[in-house]
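Below is one structure; the comments refer to it alone.
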Amino acid sequence: MLAKAVAGEANVPFFSMSGSEFVEMFVGMGASKVRDLFKQAKEKAPCIVFIDEIDAIGKKRDGQVGGNDEREQTLNQLLTEMDGFEGNTGVIILAATNRPESLDPALTRPGRFDRRVPVELPDLKGREEILKVHARKIKVSDDVDFNKVARMVSGASGAELANIVNEAALRAVRDGRSFATQADLEESIEVVIAGYQKKNAILTDQEKWIVSYHEIGHALVAAMQNHSAPVQKITIIPRTSGALGYTMQVEEGNHYLLSQEELENKIATLTGGRAAEELIFHSASTGASNDIEQATKLARSMITRYGMSDSFDMVALETVTNQYLGSDASLACSAETAAEIDRQVVDVVKRQHEKASKILKDNLGKLHELSKFLYEKETITGDEFMEILNR
């Protein structure tokens with residue numbers, strides 16, 4: 001989309017191919033396609049050539065002497081076309097990949113792909129504008145607050161935002177309306193995040209009480225700490241993602257930096273659900289599995305990546321690869337250090353779990369009152385939650 005936008009703004013011809021299209025069964029066909037593409041481009045210059053998923057042909061060469069595979073021939077031809085004896089004046093070459101770390105260094109040196117433009121997730125203003133662009137394709141109510149919707153989907157990609165608008169339109173059609181409302185957009189956020197409501201999922205009375213206390217545990221711990229995002233919505237209606245309920249928090253504005261206190265507060269909030277179960281029912285359920293996973297991941301990042309450990313100071317103990325494909329991480333330390341990391345991760349989570357338990361004990365009356373209210377209504381807003389909390 002970016003390449004199309006550049007071509008449109010420049011008002012010049014646009015040539016587009018996928019990296020996989022250059023790789024053919026017959027030796028030499030890939031290199032031939034590269035020559036043909038650039039021959040056409042030079043004839044139409046000035047123009048833009050765009051190669052999508054360039055890692056299909058541009059991966060680092062293995063260095064073996066006499067390598068003559070199809071992909072390497074294609075890559076060599078591409079390198080020659082980009083910066084060979086024959087000039088390609090007026091031909092601007094763009095490429096896209098989710099794996100920039102895998103590209104051959106010859107491709108990314110000055111004179112070839114010498115400018116890298118990382119496409120990050122949109123900020124608050126960007127999310128709002130993207131929502132408005134996609135909303136032009138459907139009919140929406142005049143009172144829709146796109147800023148509020150954008151704040152509710154912090155960290156969403158452009159594709160997810162498009163999906164949210166599409167889900168809102170589908171919801172409006174199912175309800176027999178000709179336009180989407182604010183409620184449609186907010187419900188579609190929940191669909192994208194947690195899945196559809198499971199209409200046929202029936203919780204037992206005991207399970208419903210456990211989920212109510214669990215979710216209020218999260219919300220109460222969040223509300224009683226400084227620097228925590230305000231609670232937007234709490235529900236105990238099961239979703240197709242497997243969640244039996246969830247608590248939605250919405251950050252106010254953009255936050256690019258998080259302090260150690262803020263990270264610890266997030267971990268405490270994540271442990272609040274289990275802490276409430278232990279306090280009220282004196283047992284633990286499987287409902288906290290996702291909370292445990294997120295809390296552990298945050299605690300480990302604090303120690304291995306963010307330098308928030310007195311023992312290790314500012315030493316990076318983890319290497320992150322595939323930044324744009326899930327950010328796989330691997331430890332870069334000795335077995336002894338790895339064991340110490342594990343011990344400190346447990347210590348961080350345990351301290352925040354104890355803090356969450358203390359908050360809930362100190363506010364036991366509100367925990368009972370709010371959980372009863374959620375049990376009866378099944379879904380409550382952040383305003384309703386705060387109104388009861390501040391009585």
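The figures here come from the full heavy-atom set of this structure, side chains too, leaving out hydrogens, waters and symmetry mates. This one's a predicted model, so the numbers in the text were calculated from it and none came from an experiment.
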Can we say Glu129 and Lys125 salt-bridge, meaning some charged N sits less than 4.0 Å from an Asp/Glu carboxylate O?
-> yes
Carboxylate-amine/guanidinium proximity below 4.0 Å for Arg171 and Glu186 | no
Side-chain contact test, heavy atoms from C-beta onward, threshold under 4.5 Å: evaluate it for Leu389 versus Leu220 and give yes or no.
-> yes
Indicate yes or no: at least one non-hydrogen side-chain atom of Leu107 is less than 4.5 angstrom from one of Leu78.
-> yes
Can you list the steps and then say if Gln77 with Glu81 is a side chain to side chain donor-acceptor pair (under 3.5 Å)?
-> CA-CA 6 Å; Gln77 185 62 45; Glu81 293 289 352; 3.1 Å; yes
Lys/Arg-Asp/Glu bridge criterion (N-O < 4.0 Å) met for Glu369, Lys366 | yes
Salt bridge Asp175-Arg177, side-chain N to carboxylate O under 4.0 Å = yes
Would you call Lys377 and Glu384 a salt bridge, using N to O less than 4.0 angstrom?
-> yes
What is the minimum heavy-atom distance between Leu270 and His218, and which atoms define it?
-> O-CE1, 3.1 Å
If only atom types and distance count, is the side chain of Lys60 paired as donor or acceptor with the main-chain N or O of Glu101 below 3.5 Å?
-> yes
Salt bridge Glu293-Lys297, side-chain N to carboxylate O under 4.0 Å | no
May I ask you to decide if Gly111's main-chain N or O and Asp114's side chain share a donor-acceptor pair within less than 3.5 Å?
-> yes
Spacing of Arg99 atom CZ and Asp55 atom CG [to the nearest 0.5 Å] = 6.5 Å
Donor-acceptor contact below 3.5 Å, side chain Asn363 vs main chain Ile359 | yes
Validation row: Leu244, His214 side chains within 4.5 angstrom (heavy atoms) = no
Can you establish whether the number of heavy atoms outside Lys44 located under 6.0 Å from its atom NZ is more than 12?
-> no
Are Leu279 and Ile236 in one and the same hydrophobic cluster, where Ile, Leu, Val, Met, Phe, Trp and Tyr link if side-chain heavy atoms are under 4.5 Å apart?
-> yes
Considering residues, nucleotides and ligands other than Lys139, do more than 12 of their heavy atoms fall under 6.0 Å from its NZ?
-> no
Take Ile388 and Ile380, measure what side chain to side chain contact (heavy atoms under 4.5 Å, CB included) needs, and give me the verdict at the end.
-> CA-CA 11 Å; Ile388 294 174; Ile380 62 175; 6.0 Å; no
Donor-acceptor pair, side chain of Ser141 and main chain of Thr181, under 3.5 angstrom = no
Heavy-atom closest pair, residues Ala180 and Ala172 = CA-CB, 4.0 Å
Assess whether side chain to side chain contact (heavy atoms under 4.5 Å, CB included) is satisfied between Glu215 and Leu374, documenting all intermediate values.
-> CA-CA 9 Å; Glu215 296 306 329; Leu374 178 61; 4.1 Å; yes
Any side-chain heavy atom of Val12 sitting closer than 4.5 Å to one from Ile92?
-> no
Rounded distance [0.5 Å steps], CG in Leu298 versus CZ in Arg300 = 12.5 Å
For residues Thr269 and Gln225, is any side-chain donor paired with an opposing acceptor at under 3.5 Å?
-> yes
Is the shortest heavy-atom distance from the side chain of Glu187 to the side chain of Glu167 under 4.5 Å?
-> no
Group every Ile, Leu, Val, Met, Phe, Trp and Tyr by side-chain heavy-atom contacts under 4.5 Å, then state whether Ile164 and Phe179 land in the same group.
-> no
Verify the distance criterion only: is there a donor paired with an acceptor across the side chains of Thr381 and Asp383 at less than 3.5 Å?
-> no
For the hydrophobic clusters of this structure (ILVMFWY residues joined by side-chain heavy atoms under 4.5 Å, transitively), does one cluster hold both Val133 and Val149?
-> no
Counting only N and O atoms by type, is there a donor-acceptor contact under 3.5 Å from the side chain of Gln182 to the main-chain atoms of Asp145?
-> yes
Hey, what do you get for CD1 (Ile189) to CG (Asn163), rounding to the nearest 0.5 Å?
-> 11.5 Å
Answer yes or no: does atom CD of Glu43 have more than 12 heavy-atom neighbours from other residues, nucleotides or ligands under 6.0 Å?
-> yes
Before accepting this row, confirm whether a basic side-chain N of the pair Glu376/Lys372 lies closer than 4.0 Å to the acidic partner's carboxylate O.
-> yes
Pair Tyr306-Leu263, side chain to side chain contact (heavy atoms under 4.5 Å, CB included): steps then yes or no = CA-CA 11 Å; Tyr306 305 146; Leu263 289 171; 3.9 Å; yes
Which atoms form the tightest heavy-atom contact between Ser259 and Met308, and what is the distance?
-> C-CE, 4.1 Å
Worked verdict on Ile216 versus Phe373 for side chain to side chain contact (heavy atoms under 4.5 Å, CB included) | CA-CA 10 Å; Ile216 293 297; Phe373 186 66; over 6 Å; no
N/O donor-acceptor pair under 3.5 Å between Arg274 side chain and Ser285 backbone | yes
Could you walk me through whether Ser357 and Glu278 pass side chain to side chain donor-acceptor pair (under 3.5 Å), step by step?
-> CA-CA 9 Å; Ser357 297; Glu278 292 169 337; 4.7 Å; no
Nearest heavy-atom approach of Cys47 to Ala41 is SG-O, 3.3 Å
Short side-chain donor-acceptor distance under 3.5 Å, Ser289 and Thr286 | no
Determine yes or no for a side-chain-to-main-chain donor-acceptor pair under 3.5 angstrom, with Gln352 supplying the side chain and Ile267 the backbone.
-> no
Would you name the heavy atoms of Ser212 and Ser371 that are closest together and state the gap between them?
-> CB-O, 3.8 Å
Salt bridge Arg343-Asp347, side-chain N to carboxylate O under 4.0 Å = no
Heavy-atom neighbours of Arg115 CZ exceed 12 at 6.0 Å = no
Is it the case that Asn290 and Gln294 place a side-chain donor and acceptor less than 3.5 Å from each other?
-> yes
Mind listing the closest non-hydrogen atom pair of Ala276 and Gly217 along with its distance?
-> CB-CA, 3.9 Å
Could you tell me whether a side-chain N or O of Asn147 sits under 3.5 Å from a main-chain N or O of Glu128, the two making a donor and an acceptor?
-> no
Common cluster, Leu364/Val221, ILVMFWY with side-chain heavy-atom separation under 4.5 Å | yes
Would you kindly confirm whether Leu360 and Met386 end up in one hydrophobic cluster when ILVMFWY residues are joined by side chain heavy atoms under 4.5 Å apart?
-> yes
Taking the side chain as every heavy atom from C-beta outward, state whether Met224 and Lys358 have any atom pair closer than 4.5 Å.
-> no
Without hydrogens or angle criteria, can the side chains of Ser18 and Glu53 be said to hold a donor-acceptor pair below 3.5 Å?
-> no
For the residue pair His368 and Tyr213, establish whether any side-chain heavy-atom pair is separated by less than 4.5 Å.
-> yes
Please determine, by modelled atom types, if Lys355 and Asn265 share a side-chain donor-acceptor pair under 3.5 angstrom.
-> yes
Are any non-hydrogen side-chain atoms of Phe312 and Ile341 less than 4.5 angstrom apart?
-> yes
Can you tell me if Arg127 uses its side chain to pair, donor with acceptor, with the backbone of Leu161 under 3.5 Å?
-> no
